There are 2 protein chains.
Amino acid sequence: MDKKYTIKDIAQMAGVSKGTVDRVLHNRGKVSPAALEKINEVLNVIDYEPNLIARNLKSTKVYRICVLLPDPAFDPYWLPCVNGIQDAIVEFKAYNVIIETHYFNPESTKSFLKVNETIIAQSPDAVLLTPLFHKETVEIIKQYDELGVIVNTFNNEVESSSIKSFVGQNLHKSGRVAASLMNLILSEGQIAIIHIDESLKNAVHMQEKEKGFRNYFEEKELNDFSITTLKLKNSNIETKFASFLEENPDLTGIFITTSKAYQIASLLSSAKSKKITLIGYDLIEKNVNFLNQGLVHFLIHQNQKRQAYLGVSTLVEHFLFRKDIPETILLPIDIINVENASFYVS
Amino acid sequence: MDKKYTIKDIAQMAGVSKGTVDRVLHNRGKVSPAALEKINEVLNVIDYEPNLIARNLKSTKVYRICVLLPDPAFDPYWLPCVNGIQDAIVEFKAYNVIIETHYFNPESTKSFLKVNETIIAQSPDAVLLTPLFHKETVEIIKQYDELGVIVNTFNNEVESSSIKSFVGQNLHKSGRVAASLMNLILSEGQIAIIHIDESLKNAVHMQEKEKGFRNYFEEKELNDFSITTLKLKNSNIETKFASFLEENPDLTGIFITTSKAYQIASLLSSAKSKKITLIGYDLIEKNVNFLNQGLVHFLIHQNQKRQAYLGVSTLVEHFLFRKDIPETILLPIDIINVENASFYVS
DNA sequence: AATTTTAGTGTGCTCGAGCACATTTTTTGT
DNA sequence: ACAAAAAATGTGCTCGAGCACACTAAAATT
């Protein structure tokens, strides 16, 4: 029997009033040992679960959650996050929750700090942020901690004891996944790991992937490969990559650690197309186009949308349903090729 | 301004009582044209969304949902479904929903029909079922329709106008995904498509995958491959497969259309291990073990857990939140190799 | 012994939707 | 013009948790 008991039921069973039961349930004291015992006896027998609907109906407290992420105008990589947050907003619109999105310029720590000021001024109950800048993030979190604001992070894993929770992917492993796919297609030759990013703020992000990628080849002792790293900035991609191609005629594979695979694919398509295997990240439209053309072989899906969604929803559920906020949520590393891509684009 | 308006607010604004507003909102009639117009005016200006929490608190109606799936004791394939259903139960335990699971013997249409009788006797509000047997399913659904019981299906797509909603995967596409992976590893040789199943009730299921697999090779005009189909039953696997291996010394790849890849892997591991590429389905433990050993190269994740979860949750949300039940939910076809498997096993 | 303090207990309102029933207003019939 | 019927409208209770406040009873103080 999983009949649902109410406080009134318990009160009746214990022969007291619901006020007393309520005091016991919430340890508010002012209860005689006799009453306490009677109520506890009842509680031990039955399986009382408070009705969350009733609780949330009653509560007039409005929870305010701020999300801080880079402006998608700077990098479409962040666009799916906005959708994920929107999903959460829709899902919880019935409840007293306000979810606000704030953007910062991913190339400017100042912007990051400034927007954080704005958020603090709103005195939210919780903040979900993209900790792009290590030092600044740690500093900011200290502030939030002092104000009693719960902080959740996503996308970037920052090593710091001050960070209590994180939603994202294991980047090292995702590098390994990329490596395993590369090794499936190729059996020898030169492979380039290319880091492309406007600013180099994603450095840790990209390095982890590189480490994982190299780690795979080392562990398997695949000595017929040589792996080179190449760093490109938006301004110099064309010339630098062209000369790199010339200098490395044996190049057979490229692993792009950011969502900019399309830039390389585009250059390769215009160049004399040697067969070069391309593996990159993220299902942004341009990448998927090249996937469909066969120029990009695999994409690894980082599922930013779900990252953002989970980042928000764990916070909301913490407030509404008293659920614990998981320390780390690691999303699966989805392998995408031309055949299954359509099921992932949202 | 996204202030939340209540019926009381609307009543006040329109200068009527909440009872009248309620009648307008629910088209219960008994409203004068004058009042109707006043209320509609207000409704046009503001954006009223009923408070679902309050609605669900009030409603005393208990919704009963029955899930019908094969007994996992016959095939561990179904085990994750049970977990998915459990997840749904936990998620909605606060609401007036009873979710009951019923098992049938996947090898017996009689069992299927009998358990359906039991379910009908419970007069549930909705049923989620695994339509393993085409003819019987269509028949049963007719019964449910007459009784006004909503039917949702998952795992198997049954072609029938009587089926209104389905959660699963596109099997044809999943065959293509398997083919694309096979083609990545191999460039020529003989490939076997192996169907393994106790009963042959999964026939449609397996055939769709085969069609998709073959379709890929035909479309790409990959003429250096020859593709053979082999049907095995649990009783004759060992002998029949052994002789097949002997008769086909050029075999380079095997695509197993059910979750029984481990059986083939096990036979291959004991045989003189020629390099044969194995691609199968489902992250059941034995399969993952062989994945880790390198004997199985890829597994396609059918995500039964999520299928079952979504099958139930769409029904529940239909009742509780008046959401539409989607006609078809196609889950992504997850590609799993040894490097990313750990993130998918639940 | 009378009064104050305090520990313990119970009552009753709130949240918003939904709905039964009571009440008021309008219409119809004679 | 008046009663009866019908239509329209309003009132008030319910759901369960939570909490302020009122209340009772027992202990402490004068």
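Proteins come first, then strands; the chains are lettered A, B, ... in the order of their sequence lines, and each starts at number 1. In this text the structure is predicted, and so the values were computed from the model without any measurement.
Considering only side-chain N and O atoms, B:Y5 lies nowhere under 4.0 angstrom from the phosphate OP1 or OP2 of C:dA17. Within the structure, every side-chain polar atom (N or O) of A:S17 is placed at least 4.0 Å from both OP1 and OP2 of C:dT9. Applying the 4.0 Å criterion to OP1 and OP2 of C:dC15, one finds that B:T6 has every side-chain N and O outside that range. Within the 4.0 Å cut-off from OP1 or OP2 of C:dG16, not a single side-chain nitrogen or oxygen of A:Y95 is found. For D:dG10, one of the phosphate oxygens OP1 or OP2 lies less than 4.0 angstrom from a side-chain nitrogen or oxygen of B:T20.
A side chain to side chain donor-acceptor pair (under 3.5 Å) with B:Y309 holds for exactly one of B:Q304, B:Q86, B:E91; it is B:E91.
Annotation for A:E136: atom CD counts as buried by contact number, over 12 foreign heavy atoms lying within 6.0 Å. Heavy-atom contacts from other residues, nucleotides or ligands closer than 6.0 Å to CG of A:N44 number more than 12.
Rounding to whole angstrom units, CG of residue A:L52 and P of D:dA17 are separated by 9 Å. The nearest whole Å value for the distance from the NZ atom in B:K4 to the C1' atom in C:dG16 is 11 Å. One interatomic measurement links the two molecules: CD1 of A:I10 to P of D:dG18, which rounds to 11 Å at whole-angstrom precision. For the pair A:L36 CG and C:dA7 C1', the computed distance is 14 Å after rounding to whole Å. Between A:N96 atom CG and C:dG16 atom C1' there is a gap of 11 Å when expressed in whole angstrom units. Taking atom CD of A:Q12 as the reference point, atom P of C:dG10 lies 13 Å away to the nearest angstrom. Rounded to whole Å, atom C1' of D:dT14 lies 18 Å from atom NZ of B:K61. The interatomic distance linking B:N51 (CG) with D:dC15 (C1') rounds to 13 Å, in whole Å.
Looking only at side-chain heavy atoms (C-beta outward), A:I7 and A:Y48 come within less than 4.5 Å of each other. Put simply, the side chain of B:N170 reaches to within 4.5 Å of the side chain of A:F343, judged on heavy atoms.
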| said: With side chain to side chain contact (heavy atoms under 4.5 Å, CB included) as the criterion, how do B:I46 and B:M13 come out once you've worked through the C-alpha distance, each side chain's angles and the decisive distance to 0.1 Å? | reply: CA-CA 10 Å; B:I46 66 156; B:M13 285 189 259; 4.3 Å; yes
| task | Determine, stepwise, if the pair A:L43 / A:L25 fulfils side chain to side chain contact (heavy atoms under 4.5 Å, CB included). | result | CA-CA 9 Å; A:L43 288 177; A:L25 287 173; 4.0 Å; yes
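Defining each end axis of the helix from C:dA1-D:dT30 to C:dT30-D:dA1 as the rotation carrying four pairs' C1' atoms onto the next four, with five pairs an end, the two axes are found to diverge by 70° to 10 degrees.
Using a cutoff of 4.0 Å between basic side-chain nitrogens and carboxylate oxygens, A:R64 and A:E100 are scored as salt-bridged.
Residue whose closest nucleotide on DNA chain D sits further toward the 5' end, between B:L57 and B:A34: B:A34.
To the nearest 0.5 Å, the span separating CZ on A:F92 from CD on A:E317 amounts to 4.5 Å.
B:F112 and B:F104 have their aromatic ring centers within a separation under 6.0 angstrom.
Here the side chain of B:S32 is nearest to one of C:dA17, D:dA8, C:dT9, namely D:dA8. For A:K8, counting side-chain heavy atoms from C-beta on, the closest listed nucleotide (D:dA17, D:dC15, C:dA7) is D:dC15.
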| Tell me, for nucleotides 19-26 of chain C in 5' to 3' order, what letter each nucleotide earns: B for a base near a protein heavy atom under 4.0 Å, S for only sugar-phosphate near one, - for neither? | B-------
